[in-house]
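First the proteins, then the strands, lettered A, B, ... as listed; each starts at 1.
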Amino acid sequence: MSLEFELLAQRLEKVRQIRELGYEPYGRRFDFTHTLGEIRRHWGDKSAEELEPRVQVRVCGRIHTLRLMGRAGFAHLMQEGERLQIYVRSDAVSERDYKLFRMLEPGDIIGAEGYLFRTRTGELTVHVERLEFLAKTLLSMPEKWHGLEDVETRYRQRYLDLIANPEVRRIFLIRSRLISSLRRQLEKRGFMEVETPMMQPLYGGAAARPFVTHHNALDIDLYLRIAPELYLKRLIVGGFDRVFEINRNFRNEGISTHHNPEFTMLEFYQAYTDYRGLMDLSEELLRQAALDATGSTVVEYEGHRLDFSRLSRYSMREAVVEFWRGPGRPTLDDVRDPGWLSRHSTRATPGEALVDIFERVVEEQLIQPTIIYDFPVETSPLAKSKPDEPDFAERFEIIIGGMEVANAYSELNDPQEQRRRFDEQLRMRARGDEEAHQMDEDFLRALCYGMPPTGGEGIGIDRLTMLLAGASSIREVILFPLLRPEGPIGLADRLRELDR
RNA sequence: GAGCCGGUAGCUCAGGCGGUAGAGCAUCUGCCUUUUAAGCAGAGGGUCGCGGGUUCGAGUCCCGCCCGGCUCACCA
């Protein structure tokens with residue numbers, strides 16, 4: 001008999017004993033008077049005298065540690081990442097409650113009623129007068145010193161990670177505050193939150209391979225969206241001048257520390273502005289989001305102090321000149337010269353070569369929040385080109401910690417130009433570029449009704465969370481990152497065998 | 001997709017050059033009414049990721065596979 005099975009059998013026996021004592025091993029509603037955090041905040045710095053007259057409390061939580069002595073014992077409860085000690089002595093509770101207490105083990109969830117006091121060593125503690133049993137753990141908790149270290153188990157069983165590693169809570173708290181902050185800021189500026197299709201008959205708005213699914217009743221294939229862009233712009237056509245969406249995109253590509261197949265994007269569109277307007281807006285959004293999520297505009301990331309209070313700005317060509325490494329630093333004229341570009345990249349067009357050089361040489365050096373603007377038009381099929389330089393698009397990205405965090409542009413609203421860009425994408429597709437855009441005629445039709453000049457931007461929420469939370473892998477900021485399925489666990493069989 | 005690293009008790013980890021598989025936590029038994037990683041005494045617990053091979057003998061060496069991590073490639 002394996003240990004795991006033996007432990008399970010022991011604990012099921014305890015379930016029986018708990019029931020025999022007259023407690024419900026899987027209890028019901030427990031009306032606590034305070035969370036453990038509230039108790040720490042209200043009485044954490046009060047002296048023993050200040051805890052008179054007695055403060056009665058009802059608390060609950062999961063047992064973290066147990067220290068049993070002959071006729072008494074201590075335990076730490078955990079609730080919402082906060083810890084509080086309880087003290088149970090045999091002459092302070094009923095015989096039945098004391099029997100229950102001796103039966104508890106780390107991981108069990110209990111309720112306790114009593115009064116606050118300070119121990120000899122000064123720790124704020126609940127002197128228990130009544131115990132309630134709320135839920136039995138049947139499986140062992142991870143080790144209390146190191147927590148749960150195994151990365152695979154942490155991701156597969158995130159609930160266990162959250163129980164064992166309180167610092168993981170912090171990451172997801174930051175993520176939640178970040179999203180909340182962005183939503184609040186946009187709403188304050190008159191943006192309306194909308195939801196557009198995740199299942200799309202045509203995919204577009206980005207260059208990526210899609211996931212395909214099938215609708216039975218209509219008998220059609222549908223794609224999980226790679227971006228919401230084309231639908232959000234339809235809403236701009238329809239007269240919702242400020243819209244945003246915070247939701248998942250799906251891209252059928254490799255998994256890495258910076259890529260998860262499903263990831264969360266904020267996209268927002270504002271009529272009557274352009275990419276310059278969005279640069280200013282982005283600066284405000286990021287500054288406030290960092291502040292709301294972490295309490296500061298300066299955060300630590302992989303040994304750097306990232307300052308979210310401002311965004312440096314370089315055109316892509318300036319950035320190549322400015323961040324060139326080694327000999328042969330180009331001039332601004334060089335990076336405009338197709339000959340120079342083709343000597344430094346194998347890509348077909350000057351624009352693709354510039355992007356290639358930028359990504360190889362510059363991007364990883366952009367640690368502080370930085371705007372890179374003016375992208376070659378051939379890599380930006382949905383962006384308006386610059387009036388004085390039609391080979392370039394009014395587009396920028398925000399790069400932080402070497403990662404692309406945002407992408408924005410003045411939206412292309414000329415339907416004839418958009419049709420030409422789609423045609424070019426179709427030619428690229430015909431040459432085997434799977435990620436080139438499809439022709440979306442309904443989107444074209446929408447533009448034909450007239451879309452006001454508009455600025456649009458997407459912000460990668462996962463990557464921004466990584467930066468704000470100091471996480472080096474995107475999987476650390478996604479509660480349930482995609483993993484290969486683990487295969488049979490065998491727990492149901494064991495439970496079945498022990499169910500008598 | 002490639003390279004490197006890892007998978008040993010429920011958890012965290014040790015296991016030189018091939019020779020009877022270990023520790024701490026957790027569990028079980030006993031003692032202990034202010035402990036703090038509580039303590040003390042004892043006990044149980046192993047498909048060494050899976051499958052082959054070499055060998056008198058494999059956790060250890062070789063081959064294949066599975067799962068994970070990192071780096072690179074891919075991802076405008």
Glu149(A) CD - U12(B) P separation (whole Å): 7 Å
Does the side chain of Thr257(A) get closer than 4.0 angstrom to OP1 or OP2 of C70(B) through an N or O atom? no
Pairs where residues 43-66 of chain A contributes a residue and the test salt bridge (Lys or Arg N to Asp or Glu O under 4.0 Å) is met, not counting sequence neighbours: Arg58(A)-Glu113(A)
B/S/- contact track for nucleotides 33-39 of chain B, protein heavy atom under 4.0 Å: BBBBBB-
So for atom CZ, which belongs to Arg484(A), do other residues, nucleotides or ligands contribute more than 12 heavy atoms lying within a distance under 6.0 Å? no
Not counting sequence neighbours, list each pair that qualifies as a ring pair (Phe, Tyr, Trp, His ring centres under 6.0 Å) and has a residue in residues 137-165 of chain A. none
G46(B) and A21(B): how far apart are their C1' atoms, nearest whole angstrom? 8 Å
Counting Watson-Crick and G-U wobble pairs whose two distances are both under 3.5 Å, find the runs of 3 or more in a row that involve RNA chain B. B:1-7 with B:66-72, B:10-13 with B:22-25, B:27-31 with B:39-43, B:49-53 with B:61-65
Review item, nucleotides 65-67 of chain B N/O atoms under 3.5 Å of protein N/O:
unit_1 : atom_1 : unit_2    : atom_2 : d
C67(B) : OP1    : Arg484(A) : NE     : 3.0
C67(B) : O3'    : Arg156(A) : NH2    : 3.3
C67(B) : O2'    : Glu152(A) : OE1    : 3.0
C67(B) : O2'    : Glu152(A) : OE2    : 2.3

Tell me yes or no: between the side chains of Arg11(A) and Ser140(A), is some donor less than 3.5 Å from an acceptor? yes
Would you say Tyr231(A) and Glu229(A) are linked by a side-chain donor-acceptor pair, where the criterion is simply a distance under 3.5 Å? no
Mutual orientation of the aromatic rings belonging to Phe117(A) and His127(A) [parallel < 30°, tilted 30-60°, perpendicular > 60°]: perpendicular
Please list, chain by chain and in numerical order, all residues satisfying side-chain contact (heavy atoms from CB on, under 4.5 Å) with Pro261(A), sequence neighbours excluded. Phe211(A), Ile255(A), Leu482(A)
Using the C1' atom on both, measure G57(B) against G19(B) and round to a whole Å. 7 Å
